[in-house]
Amino acid sequence: MGYLWVKALHIVFVTSWFAGLFYLPRIYVNLAMVEDGAAGDAERGRLLLMARKLFRFMTPLGALALLFGLWLWLGYGVGLGAGSGWMHAKLAIVALLIAYHWWCGRLLAEFARGVNRRSHRWYRVFNEAPVLALFAAVALVVVKPF
């Protein structure tokens, strides 16, 4: 498979994974706002179902994004050699995004057990992390500042 196809697939899977990283914490905001009671139980169940399905969907997308990114890096030498400090910074961001994805899974498990300890405001702030990470990663890849 040619370089441009691998690059295109990497971009598609990164974009798809980020869609999940953007939306899953938004579901958590709604879950944190659910009132107790029968109506709240039905809403909580619906939101939990949505969150579980989204997490199961976005996990393989993230894995494929990583696979094609590794292929670009190790197979085609993207970011290797002199002047590739940007790649080290990008890989640090990727590591943080993997940790964020894992944390989203832990938070989902807490919601499923009914032990959420955070407010909807906390989740609104938590929801901004992937936006900042995407901005930083794209800037590093496009500008290659170091």
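Hydrogens, waters and symmetry mates are skipped; everything else that's a heavy atom, side chains included, is used.
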Taking ring-ring contact (aromatic ring centres under 6.0 Å, His included) as the test, write out the residues that go with Trp102, two or more places apart.
-> none
What's the spacing between Phe135 CZ and Ile93 CD1 if we round to 0.5 Å?
-> 10.5 Å
Hey, what's the ring geometry for Trp122 with Phe126, parallel, tilted or perpendicular (30° and 60° as the breaks)?
-> parallel
Inspect the surroundings of NE2 in His120 and state if more than 12 heavy atoms from other residues, nucleotides or ligands are less than 6.0 Å away.
-> yes
Restricting to pairs with a member in residues 41-52, which pass side chain to side chain donor-acceptor pair (under 3.5 Å), not counting sequence neighbours?
-> Asp41-Arg44
For Val138, the side-chain contact (heavy atoms from CB on, under 4.5 Å) test, sequence neighbours excluded, returns Leu134, Val142
How long is the gap from CG on Leu47 to CD1 on Ile27, to the nearest 0.5 Å?
-> 7.0 Å
Indicate, with yes or no, if Leu70 and Phe13 share a hydrophobic cluster defined by side-chain heavy-atom contacts under 4.5 Å among Ile, Leu, Val, Met, Phe, Trp and Tyr.
-> yes
Is there a side-chain contact between Ile98 and Val94, using heavy atoms and a 4.5 Å cut-off?
-> yes
Output side-chain donor-acceptor pairs under 3.5 Å for residues 56-67, partner residues at least two apart or in another chain, one line each.
residue	atom	partner	partner atom	Å
Thr59	OG1	Phe55	O	2.8
Thr59	OG1	His101	NE2	2.9

Do any pairs count as a ring-ring contact (aromatic ring centres under 6.0 Å, His included) and have a residue in residues 34-54, sequence neighbours left out, and if so which ones?
-> none
Return the set of residues passing ring-ring contact (aromatic ring centres under 6.0 Å, His included) with Phe22 (not counting sequence neighbours), or none when no residue passes.
-> Phe18
Common cluster, Val125/Val29, ILVMFWY with side-chain heavy-atom separation under 4.5 Å | no
To the nearest 0.5 Å, atom CE of Met50 lies from atom CG of Leu31 at 9.0 Å
Who are the ring-ring contact (aromatic ring centres under 6.0 Å, His included) partners of Tyr123, not counting sequence neighbours?
-> Tyr28, Phe111
Summary of salt bridge (Lys or Arg N to Asp or Glu O under 4.0 Å) pairs that have at least one residue in residues 89-117, sequence neighbours excluded | Glu110-Arg117, Glu110-Arg118
Summary of salt bridge (Lys or Arg N to Asp or Glu O under 4.0 Å) pairs that have at least one residue in residues 121-145, sequence neighbours excluded | none
For the atom pair CG (Leu97) and CG (Leu21), what is the distance rounded to the nearest 0.5 Å?
-> 6.5 Å
Phe146: what forms a ring-ring contact (aromatic ring centres under 6.0 Å, His included) with it, not counting sequence neighbours?
-> none
Enumerate, atom names and distances included, each donor-acceptor pair closer than 3.5 Å involving a side-chain atom of residues 73-87, sequence neighbours excluded.
residue	atom	partner	partner atom	Å
Tyr76	OH	Met1	O	2.5
Tyr76	OH	Tyr3	N	3.3
Ser84	OG	Gly79	O	3.2
Ser84	OG	Gly81	O	2.6

With sequence neighbours excluded, what pairs up with Ile11 under the side-chain contact (heavy atoms from CB on, under 4.5 Å) test?
-> Lys7, Thr15
To the nearest 0.5 angstrom, please state how far the CG atom of Asn127 sits from the CG atom of Leu24.
-> 9.0 Å
